[in-house]
Amino acid sequence: MINKLTSIIMVIFAVALMYMGGELLSAGGSAFYAAMGAGVLVSAILLLLNRRSALTLYALLMWITLFWIIQEVGFDKWQWIPRGDLFGLLGLWLALPWVVRPLYQGQRRFHPLLGGTVGLMVLLVIGLCFYDPLPQQGTITTPRQSAATGGAADEWSAYGGTTDGQRFSALKQITRDNVNNLEVAWTYHTGDLRQDDDATEYTFEATPLKANGMLYFCTPHNEVHALDPETGAVKWKTAPDKNRSYLQQHQTCRGVSYYDAGQAQAQTDAAPALCRRRIFNATTDARLLALDADTGKPCADFGDNGVVNLRAGMGEVRPHALMQTAAPLVAGNLVILGGSVMDNGFHSGNPSGVIRAYDAVSGRLVWNFDPANPENTAPIAQGATYPQDTPVAWATLSADLKNGLVYVPFGNASPDEVGFDRDPASNTEKFRDALVALDLKTGAFKWRYQSSNHDLWDRDNPSQPSLVDITYQGTPQPAVILPTKTGNLFVLNRLTGQPVYPVEQVKVSVEGIKGEQYAPTQPVSSLNFIPAPLTEKSMWGITPFDQMACRTTFRKLRYDGNPWTPPTEAGSLIFPGNIGVFNWGSVAVDPQRQMLIAAPVRLAYKYNLIKRTPETETQRTFTKDGTPYWNENFHGEYAIHIQQMASGLGIPCVAPPWGRMVGVDLTTGKTEWLRRVGTTRNLKTSFLPGRFPLGFPMGMVAHGGPLLTAGDLVFHGATADNYFRAYDSTTGELLWQTELSAGAQATPSTFMGKDGKQYVVIAAGGHGSLGTTAGDSVVAFRLK
């Protein structure tokens with residue numbers, strides 16, 4: 001009876017293999033699964049006929065499978081899972097006594113070939129548990145130069161620690177020798193939690209500031225909270241009206257900025273009558289707020305009773321089309337910021353990407369840099385409007401105060417994936433995806449460096465640039481490092497814009513949709529983490545069936561083997577996708593050791609262009625389940641559908657790791673170590689109720705930045721498993737970790753308390769789009 005039931009199950013398994021394997025084969029893919037299905041079917045029939053040869057045949061099939069797996073993916077245990085798990089479990093079942101005994105009329109309980117095969121393969125799998133081919137072991141040997149300048153010290157007074165954007169602290173009370181003694185000092189709950197009518201991408205990504213004896217941060221709804229740094233007790237907080245709307249593309253606030261008139265270097269309009277110390281908050285409804293850092297009350301002498309309307313000069317702004325998600329830059333006595341617009345909402349009429357600098361005391365517009373009119377930086381005339389549809393800079397800017405330069409990481413202009421109307425000779429096109437250096441006092445253009453040519457993939461420059469002095473190949477260089485979504489890390493001379501590390505223009509395809517003008521080349525830096533090209537073998541799953549589905553999808557999509565495959569109507573595979581290899585979390589650099597730490601991501605996306613007709617140019621395009629696409633591009637030729645390339649189980653089709661951490665010696669440009677980051681614990685899946693309970697160390701997506709300290713530590717949350725970790729920055733070794741109550745998709749900061757203890761603090765509120773555990777916590781750690 002058992003063997004009959006087993007035979008029926010094997011037949012079902014075999015038919016499914018042959019059906020899906022046949023689809024894969026017809027799409028030009030591997031013939032293995034279809035052939036294996038036929039072999040399993042024969043074995044099932046033999047078992048049904050009570051033939052011992054059924055077990056012999058299945059043992060041979062297991063050996064064929066083993067050799068095929070090794071030929072495809074070597075000894076990567078994570079890639080063995082979809083290729084061998086069900087085959088192995090079935091082989092184990094067939095080798096058990098209650099299956100074997102009926103075939104031998106009760107005279108034998110063990111089939112030598114199948115039993116021996118299963119035993120050997122179990123031992124092999126156990127051995128693989130202790131082997132991982134991915135990690136690159138190494139050591140960054142550059143010594144610490146304590147005289148080197150840069151980084152934060154006792155305070156953390158700017159989004160990246162300082163205006164240099166290094167995310168480095170010179171504090172070293174917490175070291176690799178004592179980090180295991182970290183404990184929770186306090187936990188604070190903001191109370192600002194997502195409701196049903198809020199945006200899907202509702203994220204608590206703030207990096208807390210430590211200044212003026214307080215800890216400051218903002219929540220997704222732009223509340224500003226000021227806490228006692230040592231206890232987490234509330235000093236003050238603001239509670240603006242919450243205009244909840246699911247149409248808001250991003251509901252987040254990554255940080256506030258601090259200004260102290262007594263520390264500022266430049267001359268202001270007048271000495272501040274109110275709010276000598278200020279907190280600036282740029283909001284998702286496009287306002288710049290100035291709050292008294294001591295009390296939280298509006299600074300009445302700034303703008304209109306503490307508010308500058310960032311819609312001024314923008315002309316008509318559609319609902320939710322203009323927002324601020326990044327911390328403004330405070331440099332000298334200026335508050336400087338760009339803005340964010342809704343991606344692919346409308347083909348034209350999108351808000352300007354103008355960069356504006358306001359007097360930190362009065363709120364007066366001091367200068368503006370308009371990508372359409374770069375020569376005219378004088379404040380725009382009253383009643384005039386900036387030209388629309390220009391590139392935007394939505395990340396936090398950086399500034400070199402010594403040399404009087406501000407660095408603007410411009411991105412694309414909406415629509416991101418369609419470029420029919422772009423004029424290659426226009427100023428707008430010149431500043432698309434360009435790092436631009438401006439004069440800090442006047443906004444005058446100094447230089448630009450284009451990180452992507454004719455961007456059709458949403459390859460914004462998403463990261464705050466990092467400024468650091470390095471000695472590359474024996475030559476001192478004042479550098480600026482620009483992380484990109486493609487995976488490039490452009491290392492440029494920050495005074496001239498010339499590459500410090502070599503950059504090559506590589507040829508890419510110029511064939512796509514009719515009428516598009518494709519760039520023939522794209523820049524590739526010698527320092528890059530551009531993922532290796534995908535093949536069918538790169539597809540993944542947790543069973544052979546979801547892996548076959550991914551393999552079939554891969555075969556049906558257009559993919560040119562590089563990140564610049566043109567989007568098409570039939571569907572293109574874009575790798576990396578619009579989440580990028582690097583995003584707003586940027587990188588961390590240690591100026592004392594001239595090292596860089598980064599957490600590159602590996603995810604593939606499907607891009608489909610949807611042809612609009614005169615009848616649908618202003619109508620929403622709906623998916624099969626009746627929900628609208630986000631990237632409608634109204635009045636344009638194409639709407640755009642973008643989704644992660646995932647199986648029906650919601651698991652990425654690209655084999656892990658999806659997240660890594662790397663350590664780079666900036667004096668040589670060499671990656672000295674590489675490791676996986678994050679585990680599968682707390683992963684939200686569509687095939688299990690609740691969250692995945694086990695923590696397999698595959699390497700998870702990390703959305704948030706690292707923090708480096710002079711204690712030779714890297715602190716990093718960001719991964720999808722709710723953990724906060726500390727690594728040895730020299731070797732990448734994991735030294736300490738703790739599970740938080742929610743996803744820590746944020747960049748941590750550190751400071752010295754008045755109690756003489758170093759604190760490390762991180763926001764843990766989850767990320768709506770990534771599906772991590774939601775929350776509203778800020779958690780501080782210190783040594784016991």
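Of all heavy-atom pairs spanning A326 and A282, the tightest one is O-CB, 4.1 Å. Looking at every heavy atom in both residues, V335 comes nearest to V330 through CG2-CG2, 4.4 Å. Taking all atoms of both residues into account, the shortest heavy-atom contact from V224 to V256 is CG2-CG1, 4.2 Å. Of all heavy-atom pairs between P371 and P391, the closest is CG-O, 3.9 Å. Closest of all the heavy-atom pairs between G232 and Y188 is O-CD1, 3.6 Å. Minimum interatomic distance between T747 and G705 (heavy atoms only, all atoms of both residues): OG1-N, 2.8 Å.
Taken from CG in D433 to OG1 in T484, the straight-line distance is 9.0 Å, to the nearest 0.5 Å. Here the CD atom belonging to E417 is positioned 8.0 Å from the CG atom belonging to L456, to the nearest 0.5 angstrom. Here OG of S451 is found 9.0 Å from CD of Q522. Values are rounded to the nearest 0.5 Å. Between atom NE2 of residue H221 and atom CZ of residue R194 there is a gap of 9.5 Å, rounded to the nearest 0.5 Å. A distance of 6.0 Å separates CG of L489 from CZ of F529, quoted to the nearest 0.5 Å. Between the CE atom of M661 and the CZ atom of R725 there is a distance of 9.0 Å, given to the nearest 0.5 Å.
T283 is not listed as a side-chain neighbour of C253, based on a closest heavy-atom distance of 4.5 Å or more. Between H347 and D421 the shortest side-chain heavy-atom distance falls below 4.5 Å. Residues W367 and L438 form a side-chain contact, since some pair of their non-hydrogen atoms from C-beta on lies under 4.5 Å apart. Between L215 and V761, some side-chain heavy-atom pair lies under the 4.5 Å cut-off. At a threshold of 4.5 Å between non-hydrogen side-chain atoms, the residues W658 and V601 do not count as touching. In this structure, Y386 and N368 have side chains that are in contact, with non-hydrogen atoms separated by less than 4.5 Å. Taking the side chain as every heavy atom from C-beta outward, T396 and W584 never approach each other to under 4.5 Å. Here the side chains of M323 and T325 are in contact, with some heavy-atom distance below 4.5 Å.
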Please determine whether side-chain contact (heavy atoms from CB on, under 4.5 Å) holds for the pair Y607 and T565, giving the CA-CA distance in whole Å, both sets of side-chain angles, and the decisive distance to 0.1 Å. CA-CA 10 Å; Y607 286 29; T565 302; over 6 Å; no
From CA spacing to verdict: side-chain contact (heavy atoms from CB on, under 4.5 Å), V701, R602: CA-CA 8 Å; V701 174; R602 296 177 67 256; over 6 Å; no
Assess whether side-chain hydrogen bond (donor to acceptor under 3.5 Å, both in side chains) is satisfied between N412 and D460, documenting all intermediate values. CA-CA 5 Å; N412 208 339; D460 295 336; 5.2 Å; no
What's the verdict on side-chain hydrogen bond (donor to acceptor under 3.5 Å, both in side chains) for H320 and S245, showing C-alpha distance, side-chain angles and the deciding distance? CA-CA 9 Å; H320 310 297; S245 173; 3.2 Å; yes
Criterion side-chain hydrogen bond (donor to acceptor under 3.5 Å, both in side chains) on D721 and T719, from CA distance to verdict: CA-CA 6 Å; D721 56 7; T719 51; 2.7 Å; yes
Run T772 and Q745 through side-chain hydrogen bond (donor to acceptor under 3.5 Å, both in side chains) and show every step you take. CA-CA 9 Å; T772 52; Q745 277 67 59; 2.7 Å; yes
Evaluate the criterion side-chain contact (heavy atoms from CB on, under 4.5 Å) for residue pair T428 and R422; output intermediate values, then yes/no. CA-CA 8 Å; T428 295; R422 301 179 192 172; over 6 Å; no
Test ring pair (Phe, Tyr, Trp, His ring centres under 6.0 Å) applied to Y449 and F410, step by step: CA-CA 10 Å; Y449 188 86; F410 275 112; over 10 Å; no
Using the rule given for side-chain contact (heavy atoms from CB on, under 4.5 Å), can you reason through L289 versus F280, listing the C-alpha separation, both sets of side-chain angles and the distance that settles it, and then say yes or no? CA-CA 6 Å; L289 311 180; F280 289 102; over 6 Å; no
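We find that D198 and R244 are joined by a salt bridge, their nearest charged nitrogen and carboxylate oxygen being less than 4.0 Å apart.
Formation of a donor-acceptor pair under 3.5 Å by the Q324 side chain with backbone atoms of A286 is not found in this model. Panel note: side chain T390, backbone S352; no donor-acceptor pair is recorded below 3.5 Å. Using modelled atom types, no side-chain atom of W156 and backbone atom of T207 make a donor-acceptor pair closer than 3.5 Å. Using a distance-only test at 3.5 Å, with no hydrogens or angles considered, no donor-acceptor pair links the side chain of N722 to the main chain of N682. Within the 3.5 Å criterion, the main-chain N or O of P328 finds a donor-acceptor partner in the side chain of S257. With hydrogens and angles ignored, the 3.5 Å screen pairs a side-chain donor or acceptor of N222 with a backbone N or O of T284. With N583 contributing its side chain and G585 its backbone, the two residues share no donor-acceptor pair below 3.5 Å. Using modelled atom types, no side-chain atom of Q166 and backbone atom of S466 make a donor-acceptor pair closer than 3.5 Å. Q450 places a side-chain N or O within donor-acceptor distance of the main-chain N or O of E429, the cut-off being under 3.5 Å. Remark: side-chain polar atoms of T162 are paired, donor with acceptor, to backbone N or O of D164 under 3.5 angstrom.
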Which donor-acceptor pairs under 3.5 Å do the side chains of residues 309-318 make with protein atoms, sequence neighbours left out?
{"residue": "N309", "atom": "OD1", "partner": "R311", "partner atom": "N", "Å": "3.0"}
{"residue": "R318", "atom": "NH1", "partner": "S348", "partner atom": "O", "Å": "3.3"}
{"residue": "R318", "atom": "NH1", "partner": "G349", "partner atom": "O", "Å": "3.3"}
{"residue": "R318", "atom": "NH2", "partner": "S348", "partner atom": "O", "Å": "3.3"}

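Residues W236 and H225 keep their aromatic ring centres 6.0 Å or farther apart. A centroid separation of 6.0 Å or more is found between the aromatic rings of H767 and Y202. For Y258 and Y159, the ring centers sit 6.0 Å or farther from each other. A centroid separation of 6.0 Å or more is found between the aromatic rings of Y605 and F575.
Residues N633 and N344 have side chains that never bring a donor and an acceptor to within less than 3.5 angstrom of each other. Checked by atom type, the side-chain pair E223/T238 shows no donor-acceptor distance below 3.5 Å. Defined by atom type and a distance below 3.5 Å, a donor-acceptor pair is present between the side-chain atoms of T252 and E205.
For the pairing with K485, the side-chain contact (heavy atoms from CB on, under 4.5 Å) check across D455, N461, D458 returns one residue only, D458. Under the side-chain contact (heavy atoms from CB on, under 4.5 Å) test applied with H189, the options L193, D192, T187 reduce to a single match, T187.
Environment of CG in D304: sparse, with no more than 12 heavy atoms of neighbouring residues, nucleotides or ligands closer than 6.0 Å.
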